[in-house]
Participant: 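Please see the structure below; I have some questions.
In what follows, chains carry the letters A, B, and so on, assigned in the order in which the sequence lines appear, proteins first and then strands, with residues in each chain numbered from 1.
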Number of protein chains: 4
Amino acid sequence: MRTREGNKKQDILDAAIQVFAESGYYNAKISRIAETAGVATGSVYLYFHNKEDILFTLFDRIWLELSEQLQVIVDRQDITPEQKLDGLIDMVFGVLTNNPSLAIVFVNEQSHLIQKGVGDFNVYYENFLDLGEKVLQEGMDNGEFSPDINLKIIRLFTFGGMHHLIQKWAQSPDSYPVEVMRQQVKSLIKKGIKI
Amino acid sequence: MRTREGNKKQDILDAAIQVFAESGYYNAKISRIAETAGVATGSVYLYFHNKEDILFTLFDRIWLELSEQLQVIVDRQDITPEQKLDGLIDMVFGVLTNNPSLAIVFVNEQSHLIQKGVGDFNVYYENFLDLGEKVLQEGMDNGEFSPDINLKIIRLFTFGGMHHLIQKWAQSPDSYPVEVMRQQVKSLIKKGIKI
Amino acid sequence: MRTREGNKKQDILDAAIQVFAESGYYNAKISRIAETAGVATGSVYLYFHNKEDILFTLFDRIWLELSEQLQVIVDRQDITPEQKLDGLIDMVFGVLTNNPSLAIVFVNEQSHLIQKGVGDFNVYYENFLDLGEKVLQEGMDNGEFSPDINLKIIRLFTFGGMHHLIQKWAQSPDSYPVEVMRQQVKSLIKKGIKI
Amino acid sequence: MRTREGNKKQDILDAAIQVFAESGYYNAKISRIAETAGVATGSVYLYFHNKEDILFTLFDRIWLELSEQLQVIVDRQDITPEQKLDGLIDMVFGVLTNNPSLAIVFVNEQSHLIQKGVGDFNVYYENFLDLGEKVLQEGMDNGEFSPDINLKIIRLFTFGGMHHLIQKWAQSPDSYPVEVMRQQVKSLIKKGIKI
DNA sequence: CATGAATGAGTGTTCATTCAT
DNA sequence: AATGAATGAACACTCATTCAT
């Protein structure tokens, strides 16, 4: 029974992260999410249109956060494209490993969104990838990165690789130390795209 | 509607690939799969224990094929580890882009399996990753690949990257030509892990 | 179609008595019970775990009522064991012939419960038989009833005989007048167990 | 895989007794009965119209046997009605306790038949009760049994009582020794209906 | 805004019965 | 006669969503 008004929507989202992570989207019951959030079942529908809307809102927020943080990195004038790439990788691992349940939902339920293609979340998703592309482009323009790389492909590959690592990490955090993952990915990518 | 004996199980699997690809596992109806396969609903249960069993069998077969083909590559004595890596990448793209629907199912429904961890398919999956690791190890041993790479992480990253590329390719094959994907991935990985 | 609160569970039980009596337990459809009760199919599951639970609850209530009423008879100090036996017989016929549908369910579906042996209903059942045994024992102790009778067997035989009579009565009430049944049973039992 | 021809129908009946006794009529699968009988599923339908027909045939046979044996007793000229009553009781216990599985089916699945009222088995059932009635009538005519007894009711009560005892006996044979049951029932009935 | 009882459409699974061989 | 793979109707149960309070 949360006290402060105005937190209910966030409470429900937080509850949904937990429940989706535990059971997966399709096996997650609205009643369970409501219970976890400390609200009545029907109240969920005061804040969300339907079950899918909860998931979309979650992704929306994740992509927004990733996008905003990446924007800061991209906008910096004091670091090289290579350093920006490092920052990007650190940031993604940071955001997702910061909340294991969220990471699980993020990597496991991706496909629902792809199949629909609806919602604003796509804006942030595309925006995120575009920013990543910008970093690569910048590096190509100033000769740091190889002119032969296909931006769209490399950005997808890199994102998919990290995505998969985080999925495994969420299952057994001890087997895949975050620090080692970061360092390996940075090294691989940078060597891989340099001139 | 009798067809030649011995094809029903495969007919159902083929139908399941289509239906799972179209609707996703949870929205796929057994009755639809049966209809697509040209059999009665009940017949599905002559060949599979339940819905989940169909999905597991599909994955089982994919991993088995990937495993078998990779084994051939790994066993070759006439090519270098680097060439084996090229072969691995070509093979994975080949197998999965050969059947777009299968590729969609493969990349979208992965999470169900991970959450369960049952079935022999895990054997093939682990086997596949072990073989990939063997290629990398071989290259490290003979000085072709950097001694600093973490095998487990690199193999997961690489697989996740290809996985994601194939997911995008399955959505819009024209935006991501298979040839370009192969070449880019080969180039990135090889440069990324070389000395 | 809201009715006064607190009646739904009883409405469903009443409907189940009718439907079970008409079709038998296995041929009774939940949807039919719900319809008869004036509620939606799903509502049945708000009050009962599953179909079996409805049946068990029915038996639970019947045995409870039989038990409670018998307890009153057993506790009386102003009548002889023989009179208590009369009272017992009157009571059982009274309770069951009061609701023919209930009687049908009671006598026809007994076997499901016996095969399971779960639920509290067993408590009331055993309790009922124990109380009946007590009446017999009392009569044996004060020399009214023969010392040669085997309590367990006589109580089961008597109950089974009444049970069967009620089954026939439920099928054609006119062929087996309740009054005659009562009188005949009383007479047979009392003469049969007296010294 | 039975060998001698001409036994299949009986094999299936024997198998059905076992399976019905174990699982109850509704939970018994035709495939299981066939398997137990050592024939193919479809073969069951060469000998029986449907599942119900198997049950009806079983009851048919039991009632026929009970009827035939009772006929012998009734026809004897050398014993009194009281002795015939003893014989009847011995015979019923004998037939049913001879095959516990059969007894279980007999007592548990009675209700299916009653609800239908079809099949020839009714003939034998009625015949059996009529023969029992004849014994009682004979005793009333020669002054051994009370003229006040209602034949239909007493015969049903008696049968129901034995029926219930056998049901309990089938569940735990050790708690209810057949000899004691016989003796108690004989004593109760005879004392109960005598002048 | 909040509740949670009520709804009823939707579907995986079973199994008696059929029939091509 | 015998088989057993195939059929498809049937139904218990679930749960996202609604709405009277």
Side-chain angles (χ1 to χ4, degrees), chain A residues 1 5-6 8-9 25-35 37-54, chain B residues 1-3 5-6 8-9 12 26-35 37-54, chain C residues 1-3 5-6 8-9 12 26-35 37-54, chain D residues 1 5-6 8-9 25-35 37-54:
Chain A
M1 207 69 70
E5 280 309 323
K8 290 233 171 111
K9 185 164 188 175
Y25 176 73
Y26 277 103
N27 292 314
K29 300 180 206 171
I30 294 289
S31 60
R32 182 85 198 294
I33 293 173
E35 188 189 28
V39 302
T41 300
S43 299
V44 171
Y45 289 85
L46 295 173
Y47 299 97
F48 299 93
H49 297 308
N50 50 41
K51 192 178 176 181
E52 207 173 41
D53 188 30
I54 304 175
Chain B
M1 206 71 67
R2 302 298 178 86
T3 56
E5 269 322 316
K8 289 253 170 77
K9 186 165 187 175
I12 293 166
Y26 279 102
N27 292 315
K29 300 180 210 169
I30 293 289
S31 59
R32 182 83 196 295
I33 292 173
E35 189 188 27
V39 301
T41 301
S43 298
V44 171
Y45 291 87
L46 293 175
Y47 299 98
F48 300 94
H49 297 307
N50 49 43
K51 192 178 176 182
E52 205 174 43
D53 188 29
I54 304 176
Chain C
M1 206 72 64
R2 302 298 177 87
T3 57
E5 268 322 317
K8 288 252 171 80
K9 185 166 188 175
I12 294 166
Y26 278 103
N27 292 314
K29 300 179 210 171
I30 293 290
S31 60
R32 182 82 198 295
I33 293 173
E35 188 187 28
V39 301
T41 300
S43 298
V44 172
Y45 292 87
L46 292 175
Y47 298 98
F48 300 95
H49 297 307
N50 49 41
K51 192 179 175 181
E52 205 173 44
D53 187 30
I54 304 177
Chain D
M1 207 68 69
E5 280 310 323
K8 290 231 172 113
K9 185 164 187 175
Y25 176 74
Y26 278 103
N27 292 314
K29 299 180 206 171
I30 295 288
S31 59
R32 182 84 197 294
I33 293 173
E35 187 189 28
V39 301
T41 301
S43 299
V44 171
Y45 290 85
L46 295 173
Y47 299 97
F48 300 93
H49 297 307
N50 50 41
K51 191 179 178 181
E52 207 173 41
D53 189 28
I54 304 176

Participant: How close do Val44(C) and Ala34(C) get, counting heavy atoms only, and between which atoms?
Facilitator: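 Of all heavy-atom pairs spanning Val44(C) and Ala34(C), the closest is CG2-CB, 3.8 Å.
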
Participant: Could you tell me the separation between the CG atom of Asp53(B) and the CG atom of Asn50(B), rounded to the nearest 0.5 Å?
Facilitator: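 It is 5.5 Å, given to the nearest 0.5 Å.
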
Participant: Whole Å only: how far is the CG atom of Asp53(A) from the P atom of dA16(F)?
Facilitator: 14 Å

Participant: Look at the side-chain N and O atoms of Lys8(D) and state whether any lies under 4.0 Å from the OP1 or OP2 oxygen of dA2(F).
Facilitator: yes

Participant: Where the side chain of Tyr47(A) is concerned, which of dA6(E), dC1(E), dA1(F) is the nearest nucleotide?
Facilitator: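 For the Tyr47(A) side chain, the nearest candidate turns out to be dC1(E).
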
Participant: Take atom CD1 of Ile33(B) and atom C1' of dT13(E), then tell me their distance rounded to the nearest Å.
Facilitator: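 So the two atoms are 13 Å apart, to the nearest Å.
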
Participant: Check Ile12(B) against Ile33(B) and note the closest heavy-atom contact, atom names and distance.
Facilitator: O-CG2, 3.9 Å

Participant: Just the atom pairs and distances: protein N or O near nucleotides 12-14 of chain F's N or O, under 3.5 Å.
Facilitator:
residue	atom	partner	partner atom	Å
dA12(F)	OP1	Ala28(C)	O	3.2
dA12(F)	OP1	Lys51(C)	NZ	3.3
dA12(F)	OP2	Ile30(C)	N	3.0
dC13(F)	OP2	Tyr45(C)	OH	3.1
dC13(F)	OP2	Lys51(C)	N	3.0

Participant: What is the nucleic acid contact for Val39(C), judged by heavy atoms within less than 4.0 Å: base, sugar-phosphate only, or nothing?
Facilitator: sugar-phosphate

Participant: From the list dA2(E), dG4(F), dT7(F), which nucleotide is the closest neighbour of the side chain of Ala40(D)?
Facilitator: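 Nearest nucleotide to the side chain: dG4(F).
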
Participant: How many Å lie between CD1 on Ile54(B) and P on dG12(E), as a whole number?
Facilitator: 9 Å

Participant: Reading 5' to 3' and counting Watson-Crick or G-U wobble pairs with both distances under 3.5 Å, write the dot-bracket notation for DNA chain F, | for bases paired outside the strand.
Facilitator: .||||||||||||||||||||

Participant: State, to 0.1 Å, how close Tyr26(B) and Asn27(A) come at their nearest heavy-atom pair, and which atoms those are.
Facilitator: OH-ND2, 2.9 Å

Participant: Return the value, rounded to whole Å, for the distance between atom CZ of Phe48(A) and atom P of dT18(F).
Facilitator: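 Atom-to-atom, Phe48(A) to dT18(F), this comes out as 16 Å.
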
Participant: Can you measure Glu35(A) atom CD to dA5(E) atom C1' for me and round it to whole angstrom units?
Facilitator: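 Roughly 16 Å, once rounded to whole Å.
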
Participant: Can you find a pair of side-chain heavy atoms, one from Leu46(A) and one from Val39(A), that are under 4.5 Å apart?
Facilitator: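 Of all side-chain heavy-atom pairs linking Val39(A) with Leu46(A), none is under 4.5 Å.
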
